[in-house]
Amino acid sequence: MAERSEEVKLLGMWASPFSRRIEIALTIKGVPYEFSEQDITNKSALLLQLNPVHKMIPVLVHHGKPISESLVILEYIDDTWQNNPILPQDPYEKAMARFWAKFIDEQICVAAMKVVGKTGEEKDAAVEATRDLLKFLEKELVGKDFFGGKNLGFVDIVATLIAFWVMRTEEIVGVKVVPVEIFPEIHRWVKNLLANDVIKKCIPPEDEHLRYIKDRMVKLIIKPA
Amino acid sequence: MASGEVKLIGSWASVFVMRARIALHLKFISYEFLQETYGSKSELLLKSNPVHKKMPVLIHSDKPVCESNIIVQYIDDVWNSSGPSILPSHPYDRAIARFWAAYIDDKWFISLRSILTAQGEEETKAFIAQVEERTELLEKAFIDCSKGKLFFNGDHIGYLDIALGSFLGWLRVVELDANHKFLDETKTPSLTKWAERFCNDPAVKPIMPEITKLAEFARKLFPKPQG
């Protein structure tokens with residue numbers, strides 16, 4: 001019988017939220033995988049071959065077949081390995097989970113990025129816009145340990161982008177985009193995440209992560225606050 | 001779960017609404033079609049989709065589902081024993097269908113729409129070139145996905161057919177406006193044949209908007225500068 005670990009390969013990048021979410025999903029499912037760290041500033045021939053359309057990580061390779069786009073990969077993982085389901089079984093709850101995941105990636109992520117490198121009124125406006133979107137997620141968490149309910153689910157995995165990228169970089173960006181006074185539920189949820197073994201294992205180590213982000217901002221000629 | 005009243009908030013002209021309608025037709029679901037008036041948003045729409053305030057919204061047993069591709073998957077999940085399967089059955093094929101559906105919305109559609117809002121000839125030409133390039137990718141995707149069959153999904157129309165096919169009316173409107181064909185027998189032979197089959201499918205034909213009516217609507221939405 002072939003080693004399971006030979007079947008699954010992940011092309012990723014240690015500091016990318018989109019790559020880390022795949023590692024979280026594979027770890028939840030107990031699927032061994034080979035991780036191939038990619039240099040996104042100098043893309044490998046392998047990456048370009050496996051994701052010619054977007055030329056981006058993460059790419060999951062299973063039985064030699066590549067899958068790209070993190071949300072597509074997450075659904076593939078859930079479809080393929082049925083233990084520890086990530087998406088809810090109920091069709092309505094599943095639709096809601098997909099809705100929030102899309103909202104996080106297409107709205108919150110984009111809005112939060114707009115805060116970076118801005119100053120004064122422009123910065124304030126970008127912060128307000130991000131907070132307005134986050135308020136929807138704040139409401140979703142009321143009475144729940146995780147977006148997925150009692151356990152980590154699809155939306156939690158996607159929302160790690162907020163917990164460990166948006167919120168972690170507040171000091172660097174120079175503004176508390178997600179203050180506890182306005183977002184107590186989100187803060188409570190982050191504490192729940194940090195108590196979870198899979199999350200602890202799969203998120204980038206904080207110091208190294210912050211150093212990397214500061215470094216990148218300098219390279220992109222953005223002044224860290 | 002499959003019982004319960006079904007309503008759809010939408011408009012005859014919307015690509016995204018069309019996706020939901022095709023899915024409902026494929027599954028033989030009766031629904032109340034609540035058409036929005038152009039230029040205003042109904043109370044029901046604002047209440048049912050407070051996050052985006054956009055159509056389509058499917059309301060099933062009073063519970064709203066938003067985002068066209070999510071609605072299509074929801075319909076497939078709920079009415080799974082009715083009509084053909086909309087999503088492919090194999091996880092890998094599903095992933096490929098989802099990948100291209102996302103590409104269509106995030107890349108292809110954005111370029112297409114940009115042709116209508118482009119300022120000046122240079123900009124228009126650039127977007128036309130972009131749509132050409134992206135349509136070529138979709139031609140290849142069709143060949144890969146269909147595996148010699150009639151539709152992206154095989155023998156019957158499915159998720160990816162619906163995702164792209166719903167754009168065919170608007171695509172024709174843009175082609176006429178830009179005086180440029182994106183789908184044609186020499187450049188995109190497979191997609192061209194597929195497009196005709198798709199438009200003639202019984203689940204699609206009754207709701208595909210008439211091109212002249214759509215073109216008139218497009219002129220309202222994207223007015224050309226005077227002079």
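Lettering follows sequence order; numbering is per chain, from 1. Keep in mind the model is a prediction, meaning the values are calculated, not measured.
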Checklist entry - What residue, out of A:Val72, A:Asp78, A:Leu71, A:Thr80, has the most heavy-atom pairs lying under 4.5 Å from chain B? => result A:Val72
Item to check | For chain B, the option from A:Glu75, A:Glu106, A:Met96 that forms the most heavy-atom pairs under 4.5 Å | outcome: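 It is A:Glu75.
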Counting neighbours of [atom1] on [X] that are heavy atoms of other residues, nucleotides or ligands and sit closer than 6.0 Å, is the number greater than 12?
X        : atom1 : answer
B:Glu136 : CD    : no
A:Lys176 : NZ    : no
B:Asp62  : CG    : no
A:Lys135 : NZ    : yes
B:Glu5   : CD    : no
B:Lys47  : NZ    : no
A:Lys114 : NZ    : no
B:Lys54  : NZ    : no

Checklist entry - Taking all atoms of both residues into account, what is the closest heavy-atom pair of A:Tyr76 and B:Ala95, and its distance? => result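 So the minimum-distance heavy-atom pair works out to CD1-CB, 4.0 Å.
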Item to check | Nearest atoms (heavy-atom pairs only) where B:Ile70 meets A:Ala95 | outcome: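 So the minimum-distance heavy-atom pair works out to CG2-O, 3.5 Å.
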Checklist outcome for this item: Ranking B:Ala102, B:Pro64, B:Pro50 by heavy-atom pairs under 4.5 Å to chain A gives rank one to B:Pro64
Checklist entry - With chain A, which of B:Lys107, B:Arg134, B:Glu67 has the greatest number of heavy-atom pairs at distances under 4.5 Å? => result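 Of B:Lys107, B:Arg134, B:Glu67, B:Glu67 has the most heavy-atom pairs under 4.5 Å with chain A.
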Heavy-atom distance under 4.5 Å to chain B: side chain of [X], backbone, both or neither?
X       : result
A:Phe99 : both
A:Lys94 : side chain
A:His63 : neither

Next on the checklist: Tell me whether the rings of B:Tyr74 and A:Tyr92 are parallel (<30°), tilted (30 to 60°) or perpendicular (>60°).
Outcome noted: perpendicular
Next on the checklist: Less than 4.5 Å to any heavy atom of chain A: does that hold for the side chain of B:Arg94, its backbone, both, or neither?
Outcome noted: side chain
Item to check | Toward chain A, the part of B:Asp106 with a non-hydrogen atom under 4.5 Å | outcome: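 Side chain of B:Asp106 only, per the 4.5 Å heavy-atom cut-off to chain A.
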Item to check | Within-4.5 Å side-chain heavy-atom neighbours: A:Gln107 and B:His52 | outcome: yes
Next on the checklist: Side chains of A:His54 and B:Tyr103, heavy atoms from C-beta outward: is any pair under 4.5 Å?
Outcome noted: yes
Checklist entry - Taking it one step at a time, do A:Arg98 and B:Gln73 satisfy side-chain contact (heavy atoms from CB on, under 4.5 Å)? => result CA-CA 10 Å; A:Arg98 287 175 173 147; B:Gln73 292 182 86; 3.4 Å; yes
Working to the nearest 0.5 angstrom, can you tell me the gap between [X] [atom1] and [Y] [atom2]?
X       : Y       : atom1 : atom2 : answer
B:Arg98 : A:Glu69 : CZ    : CD    : 13.0 Å
A:Lys65 : B:Asp93 : NZ    : CG    : 7.0 Å
A:Ile67 : B:Phe99 : CD1   : CZ    : 11.0 Å

